[in-house]
Protein chains: 2
Amino acid sequence: MYEQIAEQIEALIRDGTFAPGKRLPGERELAERVGISRPSLREALIALETAGLIETRVGDGTYVRADLSPTPVFPLATGRDLGPGTLEQFEARRALECAAAELAAQRAGAAERAVLQESLDRMHALVARGENPAEEHRVFHVALVDAAHNQIFSRLVRELWRARQGAMWETLRLKVENAESWRAGLVTRAQLMEALAARDGAAARALMEAHFHRVGRKYFDPGE
Amino acid sequence: MYEQIAEQIEALIRDGTFAPGKRLPGERELAERVGISRPSLREALIALETAGLIETRVGDGTYVRADLSPTPVFPLATGRDLGPGTLEQFEARRALECAAAELAAQRAGAAERAVLQESLDRMHALVARGENPAEEHRVFHVALVDAAHNQIFSRLVRELWRARQGAMWETLRLKVENAESWRAGLVTRAQLMEALAARDGAAARALMEAHFHRVGRKYFDPGE
DNA sequence: TCAAGGGAATTGGTCAGACCGGTTGACGGG
DNA sequence: CCCGTCAACCGGTCTGACCAATTCCCTTGA
């Protein structure tokens with residue numbers, strides 16, 4: 001039954017009854033309106049959340065995700081079906097992000113470069129305060145790959161970064177995240193911005209490859 | 001909480017504790033074993049079902065899906081103008097196959113090189129008879145990426161090659177598929193085999209990049 | 001008058017226990 | 001030996017309750 005309800009709610013989202021960014025009715029009210037119990041309604045909501053259509057905030061409410069992709073994605077892909085190894089995920093991200101950096105240098109507009117610069121500025125502030133800029137790293141890299149104007153790259157890199165925040169990566173993250181690496185990352189990303197401004201695709205790719213080479217050694221080389 | 005439980009169960013599936021096709025313990029037993037209530041356990045199972053890892057049969061039990069691979073990672077080219085275009089697909093294949101070639105040179109075993117050589121031999125025979133070796137091209141490239149020993153690469157490249165056989169690519173295929181390009185392809189792929197035998201990753205990547213550069217111009221440059 | 005504090009109402013998160021209908025498989029009758 | 005029956009088991013659903021987080025309004029004090 002939860003599948004029927006999920007489809008029903010998804011239809012309401014797609015036809016605009018529940019607009020992106022808006023709050024859905026409360027679980028109790030929604031359950032009564034649809035004519036099912038709250039547990040069943042919850043199961044439908046969890047299916048929609050797993051599918052990436054909605055997000056919930058405890059004590060507040062359930063919201064339609066604002067960044068809905070135009071193509072329906074319901075039956076598939078939460079990153080959950082990626083293969084097991086962290087090394088494999090890293091290699092995939094390396095291949096995609098290096099290629100995306102080159103394309104982004106050729107294609108990024110001023111607005112996209114501004115978004116990247118803002119992220120870099122926030123990173124500076126975080127590092128200055130001694131805080132972990134990991135989440136901002138993700139934002140930067142996702143924005144960079146978006147600037148490549150390739151939906152496939154964007155989608156895959158997003159999923160790979162999301163997977164990187166899971167439990168599987170926890171011990172590896174500790175190996176590379178420290179004050180020194182944060183500062184080094186700021187320099188690298190600043191150079192990347194210069195390459196983008198100069199529309200120098202080769203330089204952008206080279207910088208990204210050097211970055212992944214350096215990080216990869218810290219992650220996976222036993223000697224370090 | 002259901003997300004934590006879902007990850008936990010997923011880990012058990014991935015490490016083989018719950019093998020594909022096998023039945024999971026009942027909801028009541030599983031909930032007690034994990035230490036949560038049955039509704040919460042059910043929410044985790046629904047997340048896994050939505051993600052395509054398991055399936056439930058009423059009155060019988062919950063089973064690990066036997067076919068974990070064919071679940072697509074991203075929506076591709078179901079319609080004509082839906083989803084990423086041919087250029088985006090080409091760029092993705094380029095990024096992935098070039099990286100895979102380098103890894104394959106480092107990792108391919110004798111058996112995998114033999115499979116590639118057999119495919120190349122069949123290609124020779126086809127071209128000698130004047131037949132289109134396109135399908136054999138696909139076999140070769142898929143085998144090559146498999147030799148990189150990275151499931152993510154394998155799945156994505158498979159899917160992109162499958163999309164390449166669709167209607168969306170039809171006019172583009174005509175631009176590059178002719179007797180001359182077939183013969184040139186044989187030379188390139190023979191060189192690739194040498195790089196693999198020499199375990200020369202850089203050479204393999206360079207050859208693949210040159211290949212994609214050449215083909216990409218024929219596909220997408222208006223002047224040719 | 002306005003800002004800060006506090007508490008009540010609302011919301012999602014979790015739980016226990018119960019009942020229903022479908023599936024399976026063993027047991028017993030033909 | 002085959003087949004039908006039935007009990008045990010399993011997922012599906014519901015009720016009702018309590019908890020924790022968040023919000024927001026109203027009170028209080030400056």
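The structure presented is a predicted model; accordingly, all values stated were derived computationally and were not measured. We name chains A, B, ... by the order of the sequence lines, and we start the count at 1 in each one.
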Quick one: [X] [atom1] to [N] [atom2], roughly how many Å, whole number?
{"X": "I36(B)", "N": "dA16(C)", "atom1": "CD1", "atom2": "C1'", "answer": "14 Å"}
{"X": "Y2(A)", "N": "dC14(D)", "atom1": "OH", "atom2": "C1'", "answer": "18 Å"}
{"X": "E43(B)", "N": "dT13(D)", "atom1": "CD", "atom2": "P", "answer": "13 Å"}
{"X": "I54(A)", "N": "dT11(C)", "atom1": "CD1", "atom2": "P", "answer": "16 Å"}
{"X": "E27(A)", "N": "dT15(D)", "atom1": "CD", "atom2": "P", "answer": "15 Å"}
{"X": "E32(B)", "N": "dC15(C)", "atom1": "CD", "atom2": "P", "answer": "13 Å"}
{"X": "I46(B)", "N": "dG13(C)", "atom1": "CD1", "atom2": "P", "answer": "14 Å"}
{"X": "E29(B)", "N": "dA8(D)", "atom1": "CD", "atom2": "P", "answer": "19 Å"}

task: Look at the side chain of S37(A) and decide which nucleotide, out of dG13(C), dT22(D), dT15(D), has an atom nearest to it.
output: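 Nearest to the side chain of S37(A) among the choices is dT15(D).
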
Check every atom of dT22(D), dA16(C), dG12(C) against the side chain of T56(A) and return the nucleotide holding the closest atom.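 Ranking dT22(D), dA16(C), dG12(C) by closest atom to the T56(A) side chain puts dG12(C) first.
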
Is [X] near enough to [N] that one of its side-chain N or O atoms lies under 4.0 angstrom from OP1 or OP2?
{"X": "R42(B)", "N": "dG11(D)", "result": "no"}
{"X": "T62(A)", "N": "dG12(C)", "result": "yes"}
{"X": "S40(A)", "N": "dC14(D)", "result": "yes"}

| query | Where is the tightest heavy-atom contact between W169(B) and Q89(B), given as atom of each residue plus distance? | reply |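 The answer is NE1-OE1, 3.0 Å.
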
If you go through the side-chain atoms of [X], does one of them form a donor-acceptor pair with the base of [N] closer than 3.5 Å?
{"X": "R38(A)", "N": "dG16(D)", "result": "no"}
{"X": "R57(B)", "N": "dG22(C)", "result": "no"}
{"X": "R28(B)", "N": "dG11(D)", "result": "yes"}

Residue closer to the 5' end of DNA chain D, V58(A) versus P39(A) (nearest nucleotide):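 Checking each residue's closest nucleotide, the 5'-ward one belongs to P39(A).
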
- Query: With sequence neighbours excluded, what pairs up with T56(A) under the side chain to side chain contact (heavy atoms under 4.5 Å, CB included) test?
  - Reply: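 Once residues adjacent in sequence are excluded, the partners of T56(A) under the side chain to side chain contact (heavy atoms under 4.5 Å, CB included) criterion are E49(A), T62(A).
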
Exercise. Using the ring of each side chain (for Trp, its six-membered ring), is H211(A) parallel, tilted or perpendicular to H141(A), with breaks at 30° and 60°?
Worked result: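 Plane angle between 30° and 60°, so tilted.
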
Scan the side chains in residues 27-34 of chain A for donor-acceptor partners under 3.5 Å anywhere in the protein, sequence neighbours excluded, and list what turns up.
unit_1 : atom_1 : unit_2 : atom_2 : d
E27(A) : OE1    : R38(A) : NE     : 3.0
E27(A) : OE1    : R38(A) : NH2    : 3.2
E27(A) : OE2    : R42(A) : NH1    : 3.1
E29(A) : OE2    : R33(A) : NH2    : 2.9

**OP:** Would you please indicate yes or no on a ring centroid separation below 6.0 angstrom for F140(B) and W161(B)?
**Re:**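 No, ring centres 6.0 Å or more apart.
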
